[in-house]
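Lettering follows sequence order; numbering is per chain, from 1.
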Amino acid sequence: MTDCSVVDLLSGKFSVGQVVKVKGWVRTRRDSKAGISFVAVYDGSCFDAIQAVVPNSLSNYEEVLRLTTGCSVMITGEVVESPGQGQAFEIQATGVEVIGWVEDPDTYPMAAKRHTVEFLREHAHLRPRTNLIGAVARVRNSLAQAIHRFYHERGYIWVSTPIITASDTEGAGEMFRVSTLDLENLPRNDQDAVDFSQDFFGKESFLTVSGQLNAETYACALSKVYTFGPTFRAENSNTSRHLAEFWMMEPEVAFADLDDVAALAEDMLKYVFKAVLEERGDDMAFFAQRIEKQAISRLESFISKDFAQVDYTDAIEILLQSGRKFEMDVSWGIDMSSEHERYLAEEHFKAPVVVKNYPRDIKAFYMRQNDDGKTVAAMDVLAPGIGEIIGGSQREERLEVFDARLEEMGLNKEDYSWYRDLRRYGSVPHSGFGLGFERLVSYVTGMSNIRDVIPFPRAPKQADY
RNA sequence: UCCCCAGUAGCUCAGUUGGUUAGAGCGGUGGACUGUUAAUCCAUGUGUCGUUGGUUCAACUCCAACCUGGGGAGCCA
């Protein structure tokens with residue numbers, strides 16, 4: 001008797017006649033007066049369930065008749081070709097052992113019926129049992145594995161950048177404080193300010209908002225690196241595209257300019273989309289059927305076409321020429337708002353688009369100044385329906401230019417001492433970008449709320465489970 | 001955080017222009033039927049009507065605040 005997963009059974013890894021054992025949960029049960037019951041069992045290994053045909057001759061057939069959605073079972077039996085529609089193989093059961101009953105089927109939240117994603121979110125511990133969230137989990141995994149594979153195949157080193165940081169200079173948003181001080185009884189210094197020298201790290205510390213600055217140090221030694229891990233933003237963002245805890249993937253490449261990493265972003269996205277179409281055709285078919293009709297076709301089209309690329313300056317011109325009345329007026333120098341980005345990606349280009357070379361005044365201190373004196377070598381990748389999925393730049397590697405920029409922005413040189421060292425000792429041009437992993441999963445699956453593509457979403461007022 | 005909308009059975013919703021007994025579909029349960037495919041057909045139960053306070057003879061229905069969710073905006077990934 002061989003233990004086997006549902007995916008192995010359905011894909012024909014076991015030959016007809018073999019006796020197997022399957023463990024999983026009941027999706028549905030149908031009884032026939034012909035003296036048999038059909039029990040669909042899933043184990044998460046693929047979208048579909050395996051159908052077990054259970055004869056009423058089993059000694060515990062009475063139990064089988066009481067099986068409901070969610071019961072856990074172990075079924076033994078012979079692999080047979082299925083005479084019915086919908087599956088190639090099924091199991092002719094010779095034994096059904098009920099491992100765990102559902103204590104009250106009437107109130108079991110995950111009934112075999114359609115639920116709203118909002119309802120599922122309120123039962124985050126049970127929602128992975130649904131077709132929908134199970135499919136999201138498998139696609140998410142497929143994408144994560146493909147990202148690692150992509151970089152590994154190209155000689156990139158995965159660098160684990162710290163989650164706790166003592167520098168509050170990362171500048172990418174509000175940070176969560178990390179402290180072991182007693183909030184009820186805070187130590188005070190001479191100035192009656194909180195005395196962080198008594199805190200765990202001897203200074204103020206926070207959860208990271210980006211691994212970029214740390215990744216740069218490794219890129220300036222190992223040439224091609226990337227980070228992939230959790231990131232935290234304490235912004236009070238209540239949208240379908242923001243999380244307080246999310247996963248970000250950030251490549252950082254020495255001797256690379258903005259165009260190099262724009263090309264890298266395109267290659268990487270095409271690679272992982274191709275992988276998910278190959279590996280998770282079952283789940284993707286479900287998304288196409290139930291969530292987003294274009295789920296598969298838009299990925300196929302994405303893979304086969306070149307990215308649209310446009311300079312910020314030209315993008316502004318496109319918006320001005322569009323004849324469209326926008327809420328926010330368009331002029332060179334504005335930080336484009338959602339409506340502008342959506343127009344570019346969804347209406348003008350009708351495809352993901354890379355916007356490059358933004359005005360320096362609206363971008364971060366570390367981005368490389370262009371020769372025009374007005375713009376920096378920054379890029380955003382805008383995806384239809386999601387908006388900004390990637391943000392990146394070439395980093396300023398010239399110490400004197402960097403210092404001038406710090407001063408201009410009123411930032412303290414001492415706070416960036418180790419970051420400046422990279423520019424003092426064997427500085428090299430380098431570039432990188434950040435990909436919001438959940439936004440990627442959102443785009444691929446068509447799931448419109450980012451809280452449904454991460455197992456346990458953290459957002460303002462939301463940290464249950 | 002701002003603007004708009006919503007919160008009624010396990011789920012999805014309808015409804016009450018304030019007044020005795022609050023409805024439907026789905027799910028569950030019982031039955032019929034069937035190598036079936038969230039199957040089909042018949043029957044069947046269920047509700048502190050988001051929370052707190054106010055107005056009123058009377059509130060699920062009106063008012064206020066709050067909480068939660070959705071859509072949009074800002075911030076960004």
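Between the CG atom of A/L65 and the C1' atom of B/G28 there is a distance of 16 Å, given to the nearest Å. Between the P atom of B/C3 and the CD atom of A/E327 lies a distance of 16 Å, rounded to the nearest Å. Atom CD in A/Q212 sits about 14 Å away from atom P in B/C76, given to the nearest Å. Summarising the geometry, the separation between CG on A/D104 and P on B/C11 is reported as 13 Å, rounded to the nearest angstrom. Look at NZ on A/K363: it is 9 Å from C1' on B/C76, rounded to the nearest Å. Summarising the geometry, the separation between CZ on A/R27 and P on B/A39 is reported as 13 Å, rounded to the nearest angstrom. Separating the CD1 atom of A/I362 from the P atom of B/C75 is a distance of 10 Å, rounded to the nearest angstrom.
Pairs engaging residues 435-465 of chain A under the ring-ring contact (aromatic ring centres under 6.0 Å, His included) rule: A/H125-A/Y465, A/F228-A/F437, A/F273-A/Y443 [sequence neighbours left out].
Here A/K23 does not pair with A/D43 in a salt bridge; the nearest charged N to carboxylate O distance is not below 4.0 Å. Taking a cutoff of 4.0 Å between a charged side-chain nitrogen and a carboxylate oxygen, A/R439 and A/E388 do not qualify as a salt bridge. A salt bridge is absent between A/R66 and A/E62; no separation between the charged side-chain nitrogens and carboxylate oxygens falls under 4.0 Å. Between A/E339 and A/R324, no side-chain nitrogen of the basic residue sits less than 4.0 Å from a carboxylate oxygen of the acidic one, so the salt-bridge criterion is not met.
The 5' end of RNA chain B is approached more closely, in terms of each residue's nearest nucleotide, by A/Y108 than by the other of A/T69 and A/Y108. Residues A/F437 and A/T68 both approach RNA chain B. Their nearest nucleotides, taken by heavy-atom distance, put A/T68 toward the 5′ side.
Shown here are the salt bridge (Lys or Arg N to Asp or Glu O under 4.0 Å) partners of A/D257, two or more places apart in sequence or in another chain: there are none. Residues passing the side chain to side chain donor-acceptor pair (under 3.5 Å) test with A/D464, sequence neighbours excluded: none. By the salt bridge (Lys or Arg N to Asp or Glu O under 4.0 Å) test, A/D48 pairs with no residue at all, sequence neighbours left out. For A/R138, the salt bridge (Lys or Arg N to Asp or Glu O under 4.0 Å) partners are A/D283, not counting sequence neighbours. Every salt bridge (Lys or Arg N to Asp or Glu O under 4.0 Å) that A/K13 has, sequence neighbours left out, goes to A/D8. For A/E408, the side chain to side chain donor-acceptor pair (under 3.5 Å) criterion is met by A/R360, A/R405, not counting sequence neighbours.
Taking atom C1' in both B/G53 and B/G71, the straight-line distance is 30 Å, to the nearest Å. Rounded to the nearest Å, the gap between the P atom of B/A9 and that of B/G47 is 11 Å. Across the P atoms, B/U61 and B/C49 are found 10 Å apart, a figure rounded to whole Å. For B/U17 and B/U12, the C1' atoms lie 26 Å apart once the distance is rounded to whole Å. When the P atom is compared between B/G69 and B/A24, the two are found 31 Å apart, to the nearest whole Å. Rounded to the nearest Å, the gap between the C1' atom of B/C5 and that of B/C75 is 23 Å. B/G45 and B/A39 have their P atoms separated by 23 Å, with the value rounded to a whole Å. For the C1' atom pair drawn from B/U46 and B/U29, the interatomic distance equals 12 Å after rounding to whole Å.
Side chains of A/T375 and A/N370: a donor-acceptor N/O pair is present below 3.5 angstrom, by distance only. Checking A/E216 against A/Y419 by side-chain atom types alone, a donor-acceptor pair falls below 3.5 Å.
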inquiry  = Protein within reach of the bases, or only the backbone? For nucleotides 66-74 of chain B, mark each nucleotide 5' to 3' as B, S or -, using heavy atoms under 4.0 Å.
reply    = --SSS--BB
request  = Encode nucleotides 41-48 of chain B as B, S and - characters from 5' to 3', where the letter depends on protein heavy atoms closer than 4.0 Å: B to the base, S only to sugar-phosphate, - to neither.
outcome  = --------
Contact state string [nucleotides 30-38 of chain B, B base, S sugar-phosphate only, - no protein heavy atom under 4.0 Å] = ---BBBBBB
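For the pair A/F246 and B/A77, the ring geometry qualifies as stacking, because the centroid separation is below 5.5 Å while the planes lie within an angle under 30°.
Relative ring orientation between A/Y358 and A/Y312 is described as tilted, the plane-to-plane angle lying within the 30° to 60° band.
Counting any heavy atom pair closer than 4.0 Å across all strands shown, A/S37 reaches no nucleic acid atom. Counting any heavy atom pair closer than 4.0 Å across all strands shown, A/L243 reaches a base atom.
Secondary-structure stems of RNA chain B, taken as three or more successive Watson-Crick or G-U wobble pairs (i with j, i+1 with j-1) under a 3.5 Å distance threshold, comprise B:1-7 with B:67-73, B:10-13 with B:23-26, B:28-32 with B:40-44, B:50-54 with B:62-66.
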Enumerate, atom names and distances included, each donor-acceptor pair closer than 3.5 Å involving a side-chain atom of residues 49-60 of chain A, sequence neighbours excluded.
residue: A/Q51; atom: OE1; partner: A/R30; partner atom: NH2; Å: 3.1
residue: A/Q51; atom: NE2; partner: A/E90; partner atom: OE1; Å: 3.1
residue: A/N60; atom: ND2; partner: A/E63; partner atom: OE1; Å: 3.2
residue: A/N60; atom: ND2; partner: A/V96; partner atom: O; Å: 2.7

